[in-house]
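Shown next, in structure tokens, is the structure this report addresses.
A note on names: the letters A, B, ... follow the listed sequences, proteins ahead of strands, and every chain is numbered from 1.
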Amino acid sequence: MLQLPRHALHKKLVGRANPMRIQLEITRRCNLDCVHCIQGGCSDVPGEMTAADYERLLPGMSAAGVFSVSLTGGEFLCHPEIMVILELLLRSDFWLALQTNGTLLDQDTVDFLARSREKIRAVAVSLYGATAKAHESVTRSPGSFDKTIRAIDMLSDAGFRVEVISLLMTMNQEEAPQIQELCRERGLFHQFNSIIAPRKDGETSSLECRLSEELLKKLPRPWETFTENFIPHEPDDFSPDKTLDAWCTMARTSGYIDSKGNLLPCSIMDLPAGNVKDRPFDELWHDSAVFNALRKLKIGEFECSRCGHFPTCRPCPGLAFLEHGNMFEAPKEICRIIELFLGDKEVNKHEEE
Amino acid sequence: MFHFCQELRPAKKLGVPMGEVVFKKSASLIERRIDGEAILLDIKSGVYYDLKDVGVFIWEILSGGASARQIAAAVAESFNVDAETALADTLELLNDLETEGLIVRDAEG
């Protein structure tokens, strides 16, 4: 039997902390000003990785075992050398995914990407409304809706798998059904969530856009499909004495390289292993004291492990880190949403007898 | 004991005996070496595959394109098995690999 089922692959690679998937934050620059963005919007970031830096980085990532690379930002198309960087990535042997607001995509760029379409698993496009009014109330950028819709259509026509991602908040939640209908008409995969987190710099004004319990209850329940995508596990995998292997892939099979070259466990946790401009990727990944400490953490050290909803809710330690500056606490916003949909369950399930 | 794999597609169209058909790796694969194993990802399907031991050895030979007979000769020499067994096992693996779309027949081979 040659096929390797996902759970078997995961066990094989997580035990070895083989980096399967890496997100590359190509730039923190963005041409939009989304109200909820945890990056906070940047026009320039000193010390950004250059195309030459990526040319040195990519072979090392391949040799270290990375299969998949996702491009993100900011808006990755804002990088001044993006076409050179894309050329490097498309010549590489990674399976790529792109995350974009779509507004900077033109037909030439789509045609360029389409020449290597088979190497691009999907293009995720952020869409916040079925109308310009709703969408641009989030992006705070007039004209962005039409550009995003045009990009979605160009990508679809070129044969890409387009995944529309919608974050729902107070100013656009009314259009949730219309967004779904827009995607259904176009035959697009659509995913939404309503988790709004504080900015990475600690600024919390975006939290005012969080949906009330009343509005959350009106949304289609995502949790059934949310949990479908999780890797099958054994019941014992979430015992308090186990490491986080079955729960969170950060610094195990997934990681994040920010726009300055810092290797992080994920897109949210600001715990650098080091900088890929200074040391080889493989060396940082396997030898970092920070990463090795993360790999040794036990489930019982986390507040979530003592809740009846765990592990069904699959809480994100990164979100807890953003909310509280402490990954061991429960991410309260996820708790609020989960309790609405799953109901209150008896907590303290791991009380000592 | 000679093992004849009846699932192989006949090579009559090419007028080439089965053992002489040259195979090459599919272009839709990403492969990585992890702990001596070859982990393959077929980006057409998103399915992962795993090759070990002799499978890895054969997979390496396929890098440049090779026939079952060429591969079997290398297997026999490297793993100290008789030629018939090597050929039978090689044909079986090649059949599995071809069925999964991991290798294709090289029309120019």
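Heavy-atom distances place no part of B:L29 under 4.5 Å from chain A, backbone and side chain included. B:D42 does not touch chain A: none of its heavy atoms, backbone or side chain, sits under 4.5 Å away. Both the backbone and the side chain of A:D93 come within less than 4.5 Å of a heavy atom in chain B.
Within the 3.5 Å criterion, the main-chain N or O of A:S62 finds a donor-acceptor partner in the side chain of B:R32.
Atom CD in A:Q3 sits 11.5 Å away from atom CG in B:L40 (nearest 0.5 Å). Interatomic distance, A:L13 CG to B:Y48 OH, rounded to the nearest 0.5 Å: 8.0 Å.
Closest heavy-atom contact between A:F94 and B:I30: C-CD1, 3.6 Å.
When the shell of 6.0 Å around CD of B:E77 is examined, it contains 12 or fewer heavy atoms from other residues, nucleotides or ligands. Counting non-hydrogen atoms of neighbouring residues, nucleotides and ligands closer than 6.0 angstrom, the NZ atom of A:K11 reaches no more than 12 such neighbours. Atom CG of B:N80 has 12 or fewer neighbouring heavy atoms from other residues, nucleotides or ligands inside a 6.0 Å radius.
Ionic pairing of A:K12 and B:D50 is present here: one or more N-O contacts between side-chain nitrogen and carboxylate oxygen are shorter than 4.0 angstrom.
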Please determine whether side chain to side chain contact (heavy atoms under 4.5 Å, CB included) holds for the pair A:R121 and B:I43, giving the CA-CA distance in whole Å, both sets of side-chain angles, and the decisive distance to 0.1 Å.
CA-CA 8 Å; A:R121 184 191 66 76; B:I43 61 176; over 6 Å; no
